[in-house]
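A short write-up of the structure that comes next.
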Amino acid sequence: MTSSLLRPRGRTRTGATGAPGGAVTEGSTAPTRILDWRDPLVAALVRELGAGPVGASGSADAVGSADPARQIEFLHRAHTWISGAVRPVYSVQDERPVSEVLRRGRGSCSQRLAVLEAVARAYGVPTRVRGLLVDGSFWYPRFPRLRRIVPDQVLLAWPEFRLGSPAGASGAAASWLTVSELLGGLRPVAAEQGGGFTNAGPETLFEALSRTAIDWDAAPAVCPSTGPGAGPGAGAGAGAACELSAYVLTDLGHYASRDELFARHGQTLCGLARLMAEPVLGRRGAA
């Protein structure tokens with residue numbers, strides 16, 4: 001059993017409500033209130049990850065970062081750093097700026113994905129997000145004794161990255177990759193480590209991205225130990241994609257930034273619920 005009582009009111013969440021008129025959402029490298037990559041703390045992280053200096057009006061190492069191979073290597077380094085330096089917690093403040101997440105040294109999967117997006121934009125890689133309404137039962141393994149208050153819908157901002165030169169520029173052709181394709185589907189090591197994501201224990205969705213391809217779209221098999229009816233050993237097999245489409249309630253389409261998505265559809269919890277839950281969940285680590 002999940003609950004709709006904590007959901008924001010006055011929000012209409014229907015499918016594919018991104019760019020108007022069916023236009024393609026291009027994404028951007030610009031900083032936003034959440035993706036505040038010009039903040040000194042974020043800029044210092046970008047330099048630590050091996051990029052050039054972040055200028056006042058431009059991204060880091062703009063010329064070299066147009067090489068897709070370099071972009072992939074940089075974003076893999078960023079994911080590894082974030083996994084080790086930003087402690088996973090159940091924070092419910094999805095609109096928290098990236099600089100504040102870094103100052104606190106802890107964040108939810110959504111917040112840590114935002115950190116990855118911010119450093120990508122600082123490196124010259126455009127990002128956008130796909131809005132997904134995910135069934136709250138997906139998080140039952142995390143809260144086995146609190147199922148009655150788990151939200152019935154969880155709003156997920158799933159990042160996508162455009163590698164190569166910007167659209168219309170000369171050089172490598174631009175292509176959009178989801179974060180799971182970028183981190184879990186482009187290196188042999190991801191297949192070698194294999195295994196599905198169970199959404200239980202210390203590994204979170206953010207960490208799992210580096211070793212299994214998380215797929216929110218239809219595919220032949222479900223994620224081991226996660227999909228409906230899955231049991232011990234179900235779907236086992238190294239290198240298999242972790243297919244989670246059974247949990248997707250609504251595809252809200254693409255947005256140029258997570259800021260736009262949350263402005264349109266709100267966050268998972270209403271303001272009062274976030275105010276009450278954050279002091280506890282914002283410090284509770286995954287276990």
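- Note: the hydrophobic cluster containing L75 does not contain W176 (ILVMFWY, side chain heavy atoms under 4.5 Å, direct or indirect links).
- Judged purely by distance below 3.5 Å, without hydrogens or angles, the side chains of E48 and W81 pair a donor atom with an acceptor atom.
- Screening I214, D215, D217 for a side-chain contact (heavy atoms from CB on, under 4.5 Å) with L244, the sole residue that qualifies is I214.
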Under the side-chain hydrogen bond (donor to acceptor under 3.5 Å, both in side chains) rule, what do S110 and S108 come out as? Steps first, then yes or no, please.
CA-CA 5 Å; S110 176; S108 65; 4.8 Å; no

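- The backbone N or O of S99 sits less than 3.5 Å from a side-chain atom of D36, completing a donor-acceptor pair.
- A donor-acceptor pair under 3.5 Å is absent between the side-chain atoms of T250 and the main chain of L252, judged by distance alone.
- Between the side chain of R106 and the backbone N or O of R87 there is no donor-acceptor pair closer than 3.5 Å.
- In this structure, the side chain of H79 engages the main chain of F206 through a donor-acceptor pair within 3.5 Å.
- Formation of a donor-acceptor pair under 3.5 Å by the W216 side chain with backbone atoms of A246 is not found in this model.
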Mind running ring-ring contact (aromatic ring centres under 6.0 Å, His included) on F262 and Y255 for me, showing each step along the way?
CA-CA 10 Å; F262 295 139; Y255 293 79; 9.5 Å; no

Run E260 and R264 through salt bridge (charged side-chain N to carboxylate O under 4.0 Å, His left out) and show every step you take.
CA-CA 6 Å; E260 289 188 10; R264 177 71 177 271; over 6 Å; no

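- Between the side chains of R112 and T204, at least one donor N or O sits under 3.5 Å from an acceptor N or O.
- The backbone N or O of E160 lies less than 3.5 Å from no partner atom in the side chain of R128, so there is not a single donor-acceptor pair.
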